[in-house]
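To keep things clear, I will list the structure first and then write my remarks on it.
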There are 4 protein chains.
Amino acid sequence: MARAAAKKTPTRIQRQKTRAILDAALEVFSQHGFRGATLDQIADAAGLSKPNLLYYFEGKEAIHRTLLHRLLDTWLDPLRQLDPAGEPLREIRAYLLRKLEMSRDYPRESRLFANEMLQGAPRISDEIQGELKALVDEKAQVIRGWVEAGRLAPVDPYHLIFSIWATTQHYADFEVQVRGILGAGADGHFHDAARFLTQLYTGGLKPPAAGARRRP
Amino acid sequence: MARAAAKKTPTRIQRQKTRAILDAALEVFSQHGFRGATLDQIADAAGLSKPNLLYYFEGKEAIHRTLLHRLLDTWLDPLRQLDPAGEPLREIRAYLLRKLEMSRDYPRESRLFANEMLQGAPRISDEIQGELKALVDEKAQVIRGWVEAGRLAPVDPYHLIFSIWATTQHYADFEVQVRGILGAGADGHFHDAARFLTQLYTGGLKPPAAGARRRP
Amino acid sequence: MARAAAKKTPTRIQRQKTRAILDAALEVFSQHGFRGATLDQIADAAGLSKPNLLYYFEGKEAIHRTLLHRLLDTWLDPLRQLDPAGEPLREIRAYLLRKLEMSRDYPRESRLFANEMLQGAPRISDEIQGELKALVDEKAQVIRGWVEAGRLAPVDPYHLIFSIWATTQHYADFEVQVRGILGAGADGHFHDAARFLTQLYTGGLKPPAAGARRRP
Amino acid sequence: MARAAAKKTPTRIQRQKTRAILDAALEVFSQHGFRGATLDQIADAAGLSKPNLLYYFEGKEAIHRTLLHRLLDTWLDPLRQLDPAGEPLREIRAYLLRKLEMSRDYPRESRLFANEMLQGAPRISDEIQGELKALVDEKAQVIRGWVEAGRLAPVDPYHLIFSIWATTQHYADFEVQVRGILGAGADGHFHDAARFLTQLYTGGLKPPAAGARRRP
DNA sequence: TATGAATGAGAATTCATTCAT
DNA sequence: GATGAATGAATTCTCATTCAT
């Protein structure tokens, strides 16, 4: 096989082109979805010819798959950093803000991911039930531990995580709507969002006062 | 014009077929997105031949547009019901639950909408900046009023609304992920979600005690 | 067969609708050509439904054929009137003007005919080699007789007829061009055309002076 | 864009195929008109697959447009050569014969043009009112000058040009009719046509004898 | 590596015609 | 007679992929 992907040691030029392709593909896929994107658009955005693009990747599907897999790692990073040894509320607030920053700085990745989810994750369901689930399970345990220790309001850890994902990714995935309603201003709303969410989760997760908890 | 849609009073069969088409289209569009959906799929799902489908609608775009416009109205209903005269926390909780129910009962509509947003709302941006914005502005004013009256924690009303949208729609839009993580059980998680969200927003929005507020 | 065309005695309503259809078809066919015209357009222009239209005619082709055949008769009328007993130059001038009037008053018919010719007369070649040729042959003989009698310049009668057809029909068939060049004014140019053509043919066909002819 | 047409310097193969396509398209369009022609026919005639044909041209319309525009230039050439410094009658006769030759040698081009005119010139009306009109205006001035100098019978120059167009193009545009009437012989009739037209215009345009003109 | 050329498998849409009432 | 409904056969155009160099 002449495919670059099959080679053992990618040359520098290979890495460079691969990166250009993936970047272009991210742009196109995140905006138009898998079916809506065309190789022409990607090739154009990457600055190379279509056949040349297919020299580096097996096909449209392969590009998309590679993109999703590479993305997942970055995507889970904020959650990985949730420190079991940290102060619960602070840890959750920090996680929340890290996620919000990702939505601000990597909206295309967020949309790519959301697109895939909407379609029923046909190209990434394995990873969801594997790597992702494992990490979430692990961190849910941590949160549950905090709850049981009375350091956090008694909430369902899974739904807590879901809500953090939802509220933060919303600013990337529904950006048009957000801008349409707030006015087309710059990214100022991320600051307001951070304040609001901090407040919401701080208030919503603060453990009941010690006295109140022990008595019943 | 021979299009049935152009006629004045739709016959029974027209209404029936039109409904069948829109239902089929909702299924297909919500799963594959606009570009990913094909008329073949829609015609199949509706039990019609492709040309017959085009006898009722001008084209693919027209079906999608009709779907989106009809949806928007239903979509905004829960927010419309937010009663300025009601008790703030209760109103918001009720709104939240209505939205959550919609995500449970109409996940396809939610995904259709999310798909459109992700693509940058090319076919519905007018309505967003018009009807939708107007309603949100109005209700944001209501919430702001509550805040200023000290009946709600001092939060940004827009971001509050966004967060409610995000957290509730998440269960429809990211359903695969939710099920992948929680296990493929039935809709039981909606109950847990309702409890969690109620708790989160109740805690996060409760106004500071009167005494506490006045003193600083 | 339920076709109206098959009936023996057409009712008044049948004649009326048939006429409406043919008139509509003339409009549409002459503008868009056979293939370019659609039954929808014709039905619309005739003010009836497509199936109803097909109740009166077997199909698209039948309408077109009927139109062409009915047209041919009218079309040849000016030539038929060429009177062998008349004064040659006057007869030809009169014929010329009759044709020019037809181009002015029936441009759609002219274009329908031209369209058919351009396509190679697939639907009317029989009539051309039959009825039309017979009439032309007959009148060509008349003209030849005038020439031989020295009452007309010695011209080829067939090409004379062709040139009269060409110059007069041009104002109908190439109307856009004529108007584009002369300016979009009303039909005033027909008057100028009549003068020019009269002059051209009078000068071009006048027999040489008697003395000049006999001497060589 | 992957279209070959968009590239800067056409390769040899591009020029070759482009020419083949245009030639095939000329054949098909001139016979069936724009709507009547199909890409299948053109592709077949050009010996290409349909998608390959669309690799060279944006679409059906683009092929037709290209054809018309390239044609117009050739089409106007005979008129451009009308020499203001020449002897009037001789110039006009020469123009006439050049046009007649074009009808004999490029009948498809003539029919393509006629087809477009019949439809109302939807794809070339700009050029008609621009380039074509300008040239005609210019040459009409020349002819008018000749008339005023008494070197030509006092005729309307525009209608003179129209009549030359009409009479010469007739042999291409109404070829079936001409052949149907004269018999299906070879191009012999062009010779007769040339003689007839020469005679007609010579007689029709000869200026009145100097003496005759001055006296009244 | 790179690209000009080519194509098969769709996909949307049109349209003459037929069916059923 | 009339029409709403339906459809099969095109027809234009797109696009992922392959070929050849």
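Each chain gets a letter, A, B and so on, in the order its sequence line appears, and its residues count up from 1.
At E/dA5, one or more side-chain N or O atoms of D/Y55 fall inside 4.0 Å of OP1 or OP2 (strictly under the cut-off). OP1 or OP2 of E/dC15 lies within a sub-4.0 Å distance of a side-chain N or O belonging to D/R35. A close approach under 4.0 Å does not occur between any side-chain nitrogen or oxygen of B/Q14 and OP1 or OP2 of F/dG4. Distances shown here put a side-chain N or O of A/Y56 below 4.0 Å from the OP1 or OP2 atom of E/dA2.
Distance alone, capped at 3.5 Å, places no donor-acceptor pair between the C/S125 side chain and the C/P122 backbone. A donor-acceptor pair under 3.5 Å is absent between the side-chain atoms of C/K17 and the main chain of C/A46, judged by distance alone. D/E116 places a side-chain N or O within donor-acceptor distance of the main-chain N or O of D/R123, the cut-off being under 3.5 Å.
With sequence neighbours excluded, no residue satisfies side-chain hydrogen bond (donor to acceptor under 3.5 Å, both in side chains) with D/E109.
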Verdict with reasoning, B/V28 to B/D44, per side chain to side chain contact (heavy atoms under 4.5 Å, CB included): CA-CA 10 Å; B/V28 176; B/D44 267 15; over 6 Å; no
Verdict with reasoning, D/I63 to D/L53, per side chain to side chain contact (heavy atoms under 4.5 Å, CB included): CA-CA 10 Å; D/I63 302 177; D/L53 186 151; 3.4 Å; yes
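Considering OG1 of A/T66 and CD of A/E58, their distance stands at 9.5 Å, rounded to 0.5 Å.
Of the listed nucleotides (F/dT14, E/dA5, F/dA16), F/dA16 has the atom at the smallest distance from the side chain of A/K60. Minimum atom distance to the side chain of D/I13 is reached by E/dA5, of the listed E/dA5, F/dA5, F/dC13. Across F/dC15, E/dA12, F/dA2, the shortest atom-to-atom separation from the side chain of C/K17 is found for F/dA2.
Comparing B/E61 and C/T38 along DNA chain E, the residue whose closest nucleotide (by nearest heavy atom) sits nearer the 5' end is B/E61.
The nearest whole Å value for the distance from the CG atom in A/D40 to the C1' atom in F/dT18 is 15 Å. Summarising the geometry, the separation between CG on C/L39 and P on E/dT18 is reported as 11 Å, rounded to the nearest angstrom. Whole-Å rounding puts the D/H64 NE2 to F/dT12 C1' distance at 16 Å. Distance A/F34 CZ to F/dC15 P: 13 Å, rounded to the nearest Å. Rounded to whole Å, the distance from CD1 on D/I21 to P on E/dA5 is 11 Å. Going from atom CG of A/L54 over to atom C1' of E/dG4 covers 14 Å, rounded to whole Å. Taking atom CD1 on C/I63 and atom P on E/dA16, their separation rounds to 10 Å, with Å as the unit. The interatomic distance linking A/R12 (CZ) with E/dT1 (P) rounds to 12 Å, in whole Å.
Between B/F29 and B/H64, the ring planes are perpendicular. Angles over 60° get that label, and only those under 30° would be called parallel.
Nearest approach of C/Y56 to C/Q14, heavy atoms of both residues: CE2-CG, 3.9 Å.
Within residues 44-53 of chain D, the residues having any heavy atom under 4.0 Å from DNA chain E are, by residue number, D/S49, D/P51, D/N52.
Contact of the C/R111 side chain with the C/E175 side chain is registered, since non-hydrogen atoms from C-beta on lie closer than 4.5 Å.
Contact annotation for A/A37: backbone-only contact, meaning every heavy-atom pair under 4.0 Å involves sugar-phosphate atoms and none involves a base.
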Pairing annotation in dot-bracket form, given for DNA chain F with Watson-Crick or G-U pairs under 3.5 Å and | for cross-strand partners: .||||||||||||||||||||
